[in-house]
Amino acid sequence: MRLSRYFICTCREVPREAESVSHQMMLKAGLIKKFSAGIYSYLPLGYRVLDKIIAIIKEEMDRIGAQQLLLPFVQPAELWKKSGRWADYGDELLRFQDRKGGEYVLSPTHEELITRLVGDGIDSYRKLPLILYQIQIKFRDELRPRGGIVRAREFLMKDAYSFCQDFSGLQDIYQQMKRTYEQIFTRCRLNYKLVEAESGPIGGRVSHEFIVPSDSGEDSIVECKNCGYTAKLEKTSYLPIYQRDEEKLQELKEISTPGVKTIEELSQFLGVSPSRMLKTLLYQTDRGLIAVVVRGDHQINETKLRELMDTQQLTLAGDELIKVKTGVEIGFAGPVKMESCPLIVDEAVVKGKNFITGSNRKDKHLINVNPARDFHPSLVDNIRLVQKGDKCPQCANILNLTRGMELGHLFQLGTKYSKPLQATFLGREGRKREFVMGCYGIGVSRLPAAIIEQNHDEEGIIWPVEVAPFQVIIISMGPETLEISRRIYLDLQKQGLEVLWDDRELRAGVKFKDADLMGIPLKVILGNTYLTERKVEIKERRRGQIKKVTSDKIYPVLMELLKNA
RNA sequence: CGGGGCGUAGCGCAGCCUGGUUUAGCGCACUUGCAUGGGGCGCAAGAGGUCACCGGUUCGAAUCCGGUCGCCCCGACCA
């Protein structure tokens with residue numbers, strides 16, 4: 001491709017909207033263009049990268065016998081109503097009507113459709129296991145898209161679905177898929193972490209995520225430097241160690257705390273650490289109001305709580321609702337004599353003594369509140385988030401908290417969809433059975449951003465060869481080298497290299513800057529050195545090393561460098 | 001959904017507070033020519049705008065007022 005004709009616009013100034021390095025560079029190098037919040041176009045240069053990534057994914061998926069297909073982007077609402085997700089999915093699911101009033105959704109994911117498809121199409125265990133996948137646009141109406149392409153509303157995803165006879169078959173596919181993902185991310189030169197994302201109490205429902213560490217990522221992950229344990233914050237467990245101190249139970253007393261509502265205020269007001277306090281939060285759930293009690297320095301793990309209570313809805317109750325239902329002023333709720341709703345209590349609470357809590361009366365708090373003596377939990381469980389200083393559940397070492405970007409997700413679905421959608425096959429024994437399913441996603445359009453986050457310098461992107469939009473850029477300086485450049489360009493192209501030729505009538509500096517920004521792995525430079533020595537220079541983007549070679553050696557040297565880059 | 005900020009040329013911005021010499025300006029990019037040709041060089045001449053939209057106030061609105069829409073950031077969990 002001749003750069004003079006290429007549809008691209010690199011720019012010096014970064015649009016104000018861009019915060020993260022990858023977002024800035026993608027805009028600067030002209031890979032993407034935004035049209036609306038979370039809605040982007042891929043320009044030719046950006047699309048080439050995407051195309052390379054897609055090729056890698058296809059290759060690796062095909063290797064394990066997965067079959068590619070393409071499902072519709074617009075789905076009828078019917079299937080979603082059947083699976084229950086029409087109601088459960090929430091506002092991220094974009095629903096709309098056609099001219100006849102028929103209800104549809106823009107696909108945020110495809111479990112329903114694929115389950116129906118396979119349910120209709122496969123009758124016998126003889127065809128199992130089956131893995132199908134597609135690479136397609138998804139739409140999720142995110143409340144707040146951010147970070148450019150990282151959290152977009154419209155994005156490209158590879159989603160694969162496996163269908164097995166039984167759970168052990170699923171295990172095998174799951175392991176295979178894990179290895180495939182490792183292969184894909186390694187080929188993209190991504191430094192990733194495989195993170196446990198175990199989904200709680202329902203046995204065997206295993207889940208893993210592939211996360212790249214990045215400050216601009218929006219997932220919190222927890223890791224143990226000692227044994228390598230890693231997990232998403234909401235899914236993490238910790239070693240519950242609470243000191244059993246010898247403290248005596250003190251007498252329960254009410255104190256006056258006018259206008260003191262938050263833990264922070266209370267802590268300042270009394271000069272006591274938040275760990276000596278309890279906070280009581282009221283949540284609205286599917287089955288009404290619940291009161292949740294954790295220590296003042298702890299945070300509630302809503303993901304766990306949701307699973308524990310088996311509820312879809314889990315929102316903090318508003319001031320009004322709390323007053324009406326419990327008669328308590330906001331800021332003064334407490335566990336003692338909280339009779340209007342069930343008390344869900346974190347296990348750290350019942351291990352402690354003499355807490356300070358709300359009194360359920362305005363402007364009053366209680367001191368020396370003791371579990372068991374002063375209040376009686378309906379349920380005690382581990383419902384708080386891991387925080388700094390907590391111990392690893394595997395080796396008791398101190399856990400670390402970092403941030404990361406989720407790129408891939410493996411999930412064992414079991415019969416979650418095959419059951420409600422009645423997707424069955426005949427087993428060997430001649431009986432109807434439900435498919436045991438797994439699903440496996442990769443955020444394809446996130447990969448370029450993640451790769452840039454991990455492969456760049458001040459000048460711009462440094463594409464790994466396998467995903468680079470072009471392998472080589474020819475930079476010709478001045479009219480004297482134009483003709484020879486053209487010949488080299490055509491020759492390299494004929495040999496099968498992906499070559500960009502900067503034939504623009506611009507100063508050398510501009511061309512170098514652009515080439516660096518675009519991150520093309522190898523430059524072939526024709527300038528003074530060619531005019532004086534009849535040699536071209538080949539410069540590596542990543543290491544900056546320069547080789548001078550005669551015309552006939554260009555191709556072999558390039559090939560050699562590409563292999564090792 | 002709450003809070004904050006912003007909307008002026010493809011991009012980055014100034015002008016707005018205090019309405020009228022502003023024919024709406026600057027830098028980058030773009031076009032033409034000169035010059036130059038190894039790291040965003042220089043000179044000259046150009047082209048490019050319904051000042052987000054709708055309404056109001058006024059003799060007069062990018063500027064003041066009201067509304068709408070869009071975009072960005074933070075929060076959406078500490079009772």
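Below, read A as the first sequence line, B as the second, and so on, with proteins coming before strands; counting in each chain starts at 1.
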Which pairs of donor and acceptor atoms, one on a side chain in residues 515-531 of chain A, lie under 3.5 Å apart (sequence neighbours left out)?
| unit_1 | atom_1 | unit_2 | atom_2 | d |
| --- | --- | --- | --- | --- |
| A:D516 | OD1 | A:K523 | NZ | 2.6 |
| A:T529 | OG1 | A:E537 | OE1 | 3.0 |

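- Counting only heavy atoms from C-beta on, A:M477 has its side chain closest to B:rG38 among B:rU36, B:rG38, B:rC11.
- Rounding to the nearest 0.5 Å gives a distance of 5.5 Å between CG of A:L3 and CD1 of A:I473.
- When distances run from any side-chain atom of A:L517 to the nucleotides B:rC41, B:rG40, B:rG38, the shortest one goes to B:rG40.
- With B:rG37, B:rU36, B:rG38 as the choices, the nucleotide that has an atom nearest any side-chain atom of A:I525 turns out to be B:rG38.
- Between the C1' atom of B:rC72 and the CD atom of A:Q24 lies a distance of 14 Å, rounded to the nearest Å.
- Within residues 542-552 of chain A, no residue places a heavy atom under 4.0 Å from RNA chain B.
- Here B:rG39 sits opposite no nucleotide as a Watson-Crick or G-U wobble pair (both hydrogen-bonding atom distances under 3.5 Å).
- At whole-Å resolution of the value, CG in A:L43 and P in B:rC11 are 13 Å apart.
- Across the protein-nucleic acid pair, A:L27 atom CG and B:rC71 atom P stand 16 Å apart, rounded to whole Å.
- A salt bridge between A:D390 and A:R384 is present, with a side-chain N of the basic residue lying under 4.0 Å from a carboxylate O of the acidic one.
- Counting non-hydrogen atoms under 4.0 angstrom, A:P274 reaches nothing in the nucleic acid.
- You'll find that the side chain of A:L281 is closest to B:rC77, out of B:rC77, B:rU36, B:rG39.
- A:G509 comes within contact range of the sugar-phosphate backbone alone, with a heavy-atom separation under 4.0 Å but no base atom that close.
- For A:Q299, counting side-chain heavy atoms from C-beta on, the closest listed nucleotide (B:rG38, B:rC77, B:rG40) is B:rC77.
- Separating the C1' atom of B:rG12 from that of B:rG7 is a span of 14 Å, rounded to the nearest Å.
- A:K511 comes within contact range of no nucleotide atom at all, as no heavy-atom separation falls under 4.0 Å.
- Using a 4.0 Å cut-off, some side-chain N or O of A:K34 falls inside it from OP1 or OP2 of B:rC72.
- Nearest to the side-chain atoms of A:D516 among the listed nucleotides B:rG39, B:rG38, B:rC71 stands B:rG39.
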Enumerate the protein-to-nucleotides 45-49 of chain B contacts in which both atoms are nitrogen or oxygen and the separation is below 3.5 Å.
none

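- The listed nucleotides are B:rG38, B:rC71, B:rG39; the one nearest the side chain of A:K539 is B:rG39.
- A:T529 comes within contact range of at least one nucleobase, with a heavy-atom separation under 4.0 Å.
- Taking atom C1' in both B:rC64 and B:rG15, the straight-line distance is 16 Å, to the nearest Å.
- Across the protein-nucleic acid pair, A:L506 atom CG and B:rU32 atom P stand 12 Å apart, rounded to whole Å.
- Using a 4.0 Å heavy-atom distance criterion, A:G358 is classed as making no nucleic acid contact.
- In this structure, A:W501 and A:Y489 have tilted ring planes: the angle between them lies in the 30° to 60° band.
- Using a 4.0 Å heavy-atom distance criterion, A:E537 is classed as a base contact.
- Among the nucleotides B:rC11, B:rG40, B:rG39, the one closest to any side-chain atom of A:D514 is B:rG40.
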